[in-house]
Amino acid sequence: MSAIPLRRQLVLGLAFLRLLPGCRLCLTVVFAVFVSILAIETVILVPSYFRQERELLAQIEREGLAGIQTLTSLDAQGGAIVDMLRRSEQVRVSKILGAAIYAPGGGLLGIYGTAPVLGYAPSIAGPPDPASRLLRGDGVLDVLWTPEALGGQVYVVGRLDTAEIGWRLGNFVARVAGLVLVIAVFTTAGTTLLLGRLVLEPVLRLRERALRAAERPTDAEDCQIEDHRRDEIGDLTRAFNHQLRRIADDIRANQRREAAERLRLERQDTLTGLPNRAYFLQHLAEQAVPDDGSARQVGVFLVGLDHFRAINDAHGHATGDQVLQEVGGRMRLVTTGRDFLARIGGDEFALIAPLASGTSTLVIAHRLRRCLDQPIAIDGTEVAVGASIGITTSPADGCEATQLLGNATAALAEAKAEGRGRVRFFNSELNQRVRRQRAVERGLRRAIGAGELSLVYQPKFDVAMRRPVGAEALVRWTHRDLGAVSPAEFIPIAEQTGQILPIGTWVLEVACAQARRWAEAGLRPLPIAVNLSAEQFRDPNLVATIGRALDRSGISPEALELEVTETAAMADVLATANTLAEFERLGVKLSIDDFGTGYSSLNYLRRFRVHAVKIDRSFIADIGRDPEAVTIARMIIGLGHSLGLTVIAEGVETEEQLAVLATHGCDVAQGFLLGRPMPADAMAGLFGGS
């Protein structure tokens, strides 16, 4: 340990003393040292006390002996000695309170002052010097002096005053006790400083580092203490550092295990234990374009189970999960160590297979299909599972992972569309369709902001009077590169990608604003119908969206009609009832579109607050060719009227169709015969002319 200057030691000592009140160990050590020193000094003080007492008594004896010795040394009788004692000034100022003079034979010769209790008998003659003593508790001492001590012929028993011994001993004890206390304090302080420097400071440092390590165990290794001492404190410090290193090593090991487990969970499908979609795409990117930049021959196989939804519906989702687990296990058995099998979602599995020379993608595909030929037995029930497969290859069809998966998805969709249980390759025709679909998807994201969407309006006519009674707003899209894109093409894509919600909101606001402009132009109010997609109808914010469109435009709620397909309306009867109640509160009306093609319950239709039903165009198109179409149209018209609903026919293109509808009492019709979809200005002219 390096030498520390005295001033520095004092500063450290004072700083240490300030720590005492907050350190239990410090207080214990200080108290123990202090008590130990007091005990030692007390043991030393007790003999000193008795020695001092003896010395004081001896001094009083000597003073008394000196006072009486000059008189008793004279050769006088006892009475004469007593008279001399009374007259002696030296005796009067001494500590002698009294005396008894005895002849050598033991006879009492005379008494001076207070008679002593101690007497003389020949049997005790000749005691050693000092003479016999009797110390009484009332502050007197009786002493026997022999002739030898007195230098005469008599024995004298003197009574001496010892009252001052008490306070002299008290002063002695006070002086010694004060000295002991001072020594104890300074010794305790010195010992404490030494212990603090050598023991307590390292212990406190260990405590501080231990508490810091406990608060931040991940930084435990940074709390080590550098100490090269070769005593117990050094051993403790080295053990502490070793434990911190072990804690840090354990934490790092746990972090590595947790990271590995997180990575496994992030990469693994929890149901089948196979890699998931994210890990599949990562591996596909690495396989298609390795780090060296070379392109490898890789086959991507997307396997979709046929009619898996029917399995869930018939046997329950628990059985469906077991089917997926069994399918994953069977596919593992038919793959090689170089293949990469994953479940990418739902009932779809994907395989990456390196295509070495002579490897046939068809052989791999048929191997995957054959492993599913045998039914799967679950809880005594055999479940038949089939599969369709879409195949794409790299680099022939691309090298980017998401592109290859999209190619395989398109090929799988083609296989399922052709009857399922098929194998289809991605080809140039599919490539063109996929490219166009991707272009449509990208374009939809910016269509509203780019001003590429517009509305046209198809008039609705009263069948009996042949006059316009309303219009249906229809959305149109002119892509900057693709040109006009049919709603039949972009609406399904918008529904799949979630773009239908912002598009539907835009249609509502623009249609309501147009109704406001027609009203400001002085046209008679005619309701505008707006189609709601299934996604819009399920949107919990739909009512709020409609309310904002009405508020911003300022039109009356009666000027807006909403149309939803029969299938969408009946998908969730309770939710539909709640939504229609909100529509009624707003004051807007609802029509059921494509009526006759869904699965509506007439009981629910009767209870719902529906304004109108629209006969699906497929029934109208067959009028004039199929007698059953006329029967169906007549039945729908009769059913609608019996429920108090307006009946609308859409897709009217011939006079014969219109005549049949008029004959059976259809209320409203729309179609190319009566008016094609037209811009707002043309529609205004039609309204004004009527």
Side-chain angles (χ1 to χ4, degrees), residues 402 406 409 433-458 471-518 527-555 557 559-565 567-569 571-572 575-576 578-580 582-583 585-594 677 679-680 683:
T402 54
T409 302
R433 290 211 297 266
V434 169
R435 286 178 180 274
R436 181 173 177 85
Q437 181 175 347
R438 289 173 181 165
V440 170
E441 290 178 7
R442 290 193 299 269
L444 279 174
R445 295 188 182 95
R446 59 172 178 78
I448 297 177
E452 295 177 352
L453 296 181
S454 61
L455 290 186
V456 294
Y457 303 88
Q458 186 173 29
E472 180 179 359
L474 303 171
V475 63
R476 295 292 184 263
W477 180 27
T478 303
H479 191 280
R480 64 183 181 184
D481 298 322
L482 302 177
V485 183
S486 169
E489 180 181 5
F490 74 80
I491 291 297
I493 295 175
E495 291 177 339
Q496 294 170 6
T497 59
Q499 295 298 314
I500 195 64
L501 292 180
I503 291 175
T505 300
W506 180 86
V507 170
L508 269 171
E509 292 182 349
V510 173
C512 290
Q514 184 58 57
R516 174 72 179 190
R517 286 192 290 271
W518 283 337
I528 294 182
V530 175
N531 289 285
L532 298 177
S533 69
E535 290 296 323
Q536 283 180 278
F537 197 66
R538 290 192 294 267
D539 182 14
N541 298 317
L542 174 62
V543 175
T545 301
I546 296 171
R548 281 195 301 271
L550 292 173
D551 291 341
R552 290 174 181 175
S553 63
I555 65 172
L560 177 64
E561 291 183 1
L562 302 174
E563 296 184 3
V564 64
T565 63
T567 302
D572 187 337
T576 297
N578 293 334
T579 301
L580 294 186
E582 292 294 326
F583 286 175
R585 182 182 61 80
L586 285 177
V588 298
K589 298 177 181 179
L590 180 75
S591 299
I592 300 298
D593 201 3
D594 300 338
M683 192 70 196

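Bear in mind the structure is a predicted one, so any value in this text is a computation, not a measurement.
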What I'd like to find out is whether the side chain of Tyr457 reaches to under 4.5 Å of the side chain of Gln514, using heavy atoms alone. yes

Under a 4.5 Å cut-off applied to non-hydrogen side-chain atoms, are Ser533 and Ile491 in contact? no

Between atom CD of Glu472 and atom CG of Asp593, what is the distance when rounded to the nearest 0.5 Å? 6.5 Å

Nearest heavy-atom pair of Gly443 and Trp477: which atoms, and what distance? C-CZ2, 3.6 Å

Show the nearest heavy-atom pair for residues Arg476 and Pro677, with the distance to one decimal. NH2-CG, 3.8 Å

If you compare all heavy atoms of Gln499 against all heavy atoms of Leu444, which two are closest, and at what distance to 0.1 Å? OE1-O, 3.8 Å

Side chain to side chain contact (heavy atoms under 4.5 Å, CB included) between Leu550 and Val588: does it pass, once the steps are laid out? CA-CA 10 Å; Leu550 292 173; Val588 298; 4.0 Å; yes

So, applying side chain to side chain contact (heavy atoms under 4.5 Å, CB included) with Val564, which one of Leu590, Thr576, Thr579, Leu580 is it? Leu590

Taking every heavy atom of Pro487 against every heavy atom of Val475, the minimum-distance pair comes out as CG-O, 3.6 Å

Taking every non-hydrogen atom, the tightest pair across Ile448 and Pro502: CD1-O, 3.6 Å

Taking the side chain as C-beta and beyond, is there a heavy-atom pair between Leu562 and Leu508 under 4.5 Å? yes

Separation between CZ (Arg438) and CZ (Arg433), nearest 0.5 Å, reads 13.0 Å

Give a yes or no on whether a salt bridge exists between Arg585 and Glu582, defined as a side-chain N under 4.0 angstrom from a carboxylate O. yes

Rounded to the nearest 0.5 Å, how far does CD of Gln458 lie from CG of Leu474? 6.0 Å

Between Asn531 and Gln536, does the side-chain hydrogen bond (donor to acceptor under 3.5 Å, both in side chains) criterion hold? Intermediate values first, please. CA-CA 10 Å; Asn531 289 285; Gln536 283 180 278; over 6 Å; no

A side-chain contact here means heavy atoms from C-beta on lying under 4.5 Å apart; do Leu532 and Leu542 qualify? yes

Ile528 and Ile555, any side-chain heavy atoms less than 4.5 Å apart: no

Electrostatic pair Arg446-Glu452, nearest N-O below 4.0 angstrom: yes

Counting neighbours of CZ on Arg435 that are heavy atoms of other residues, nucleotides or ligands and sit closer than 6.0 Å, is the number greater than 12? no

Do the non-hydrogen side-chain atoms of Leu560 and Ile546 ever get within less than 4.5 Å of each other? yes

Side chains of Leu455 and Trp506, heavy atoms from C-beta outward: is any pair under 4.5 Å? yes

Would you indicate whether the side-chain heavy atoms of Val485 and Arg436 approach each other to under 4.5 Å? yes

What are the two closest heavy atoms between Cys512 and Ala549, and how far apart are they? CB-O, 3.9 Å

To the nearest 0.5 Å, atom CG of Leu482 lies from atom CD of Glu489 at 7.5 Å

